[in-house]
Amino acid sequence: AVASMVDLVRGHDDPDLLLEAQAMEAIVAVLRGDPYDVDGLIERCVRHWGAPSVEVGSRLAEVLVWTDRLDIAPSHLERALDDAEQRGNLVALMNQLDQLADACSRAGRWAEAEQHYERYIDLSLAAGGITSVAPRHAEMAGLDAVRGRREAAVSRLRLAVDTTRPATRL
């Protein structure tokens with residue numbers, strides 16, 4: 001179905017749409033365990049724009065993280081993060097922070113990952129989105145644990161559990 005989508009988009013004269021479809025094709029291939037020429041996709045993006053668009057760059061970064069290309073994934077996510085900030089798009093900003101934190105965590109850049117998760121939590125709480133906070137606290141507990149900070153990890157897990165409880169008590 002995804003290959004059909006790419007073929008259908010190829011019939012239109014819209015290189016942005018084609019690259020976005022190819023990025024989606026790459027995501028599906030990676031999730032299925034099929035080989036995909038990620039480097040070829042990067043080259044096509046760079047040839048077209050000099051760098052991938054924010055949307056394609058974000059999807060491409062996901063593929064790069066999943067294929068352990070952690071050397072270049074964060075740069076695509078940082079560009080998308082900057083764009084989301086400039087546009088004032090809170091949803092995109094939070095998505096990029098979450099993806100960037102994950103990429104940094106997988107790359108062993110734990111302090112950076114923690115900073116991105118903390119910023120995500122702050123933005124989420126400011127926007128009244130408490131339900132998305134608990135999983136980020138759990139991720140941060142993992143970061144504490146991997147750095148040997150047992151008490152901080154336990155405390156963070158308790159915080160994750162506490163934020164999933166209803167705000168009112170019967």
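Just so we're clear, the structure is a prediction, and the values are computed from it rather than from any experiment.
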Colleague: Quick check for you: to the nearest 0.5 Å, what is the distance between Leu97 atom CG and Tyr117 atom OH?
Modeller: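 It comes to 10.5 Å.
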Colleague: Please report the closest heavy-atom contact between Thr163 and Ala134, naming both atoms and the distance.
Modeller: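 Minimum heavy-atom contact is OG1-CB, 3.2 Å.
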Colleague: Taking the side chain as every heavy atom from C-beta outward, state whether Asp82 and Gln96 have any atom pair closer than 4.5 Å.
Modeller: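 When only atoms from C-beta onward are counted, Gln96 and Asp82 do not touch, as no gap falls below 4.5 Å.
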Colleague: Do side-chain atoms of Ser155 reach the backbone of Glu151 as a donor and acceptor pair under 3.5 angstrom?
Modeller: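 No; zero donor-acceptor contacts below 3.5 Å.
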Colleague: Quick check: closest heavy atoms across Arg156 and Ala141, and the distance to 0.1 Å?
Modeller: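 What the structure gives for the nearest pair is CG-N, 3.5 Å.
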Colleague: Nearest 0.5 Å, please: how far is CD in Gln86 from CG in Leu93?
Modeller: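 Taking CG in Leu93 and CD in Gln86, the distance rounds to 11.5 Å.
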Colleague: Taking all heavy atoms of Ser132 and all of Ser124, pick out the closest pair and write down the distance.
Modeller: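 That closest heavy-atom pairing would be OG-OG, 2.7 Å.
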Colleague: Does atom CZ of Arg147 have more than 12 heavy-atom neighbours from other groups under 6.0 Å away?
Modeller: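 Enclosed.
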Colleague: Are Val65 and Ile72 joined in one hydrophobic group, where the rule is that I, L, V, M, F, W and Y side chains link up if heavy atoms are under 4.5 Å apart?
Modeller: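 Linked, Val65 and Ile72 end up in one cluster.
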Colleague: Can you check whether Arg109 reaches Pro74 side chain to side chain, under 4.5 Å on heavy atoms?
Modeller: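 Answer yes - side chains close enough.
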Colleague: Does the pair Asn95 and Val91 meet the rule for a side-chain contact (heavy atoms from CB on, under 4.5 Å), with working shown?
Modeller: CA-CA 6 Å; Asn95 287 338; Val91 172; 3.8 Å; yes
Colleague: Report the distance from atom CH2 of Trp110 to atom OG of Ser105, rounding to the nearest 0.5 Å.
Modeller: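 One gets 8.0 Å once the value is rounded to the nearest 0.5 Å.
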Colleague: CZ/Arg119 to CE/Met94 distance, rounded to the nearest 0.5 angstrom?
Modeller: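 Between Arg119 CZ and Met94 CE, I get 10.5 Å after rounding to 0.5 Å.
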Colleague: When you check the gap from the basic side-chain N to the acidic O, do Arg87 and Asp83 get nearer than 4.0 Å?
Modeller: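 The answer is yes: the pair qualifies as a salt bridge.
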Colleague: Report the distance from atom CE of Met140 to atom NE2 of His137, rounding to the nearest 0.5 Å.
Modeller: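 Reported value, rounded in 0.5 Å steps: 7.0 Å.
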Colleague: To the nearest 0.5 Å, what is the distance between CD (Glu85) and CG (Leu90)?
Modeller: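 With rounding to 0.5 Å, CD (Glu85) is 11.0 Å from CG (Leu90).
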Colleague: Specify the closest pair of heavy atoms between Leu157 and Ala138, including all atoms of both residues, with the distance to one decimal.
Modeller: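 Heavy atoms only, the tightest pair is CD2-CA, 4.3 Å.
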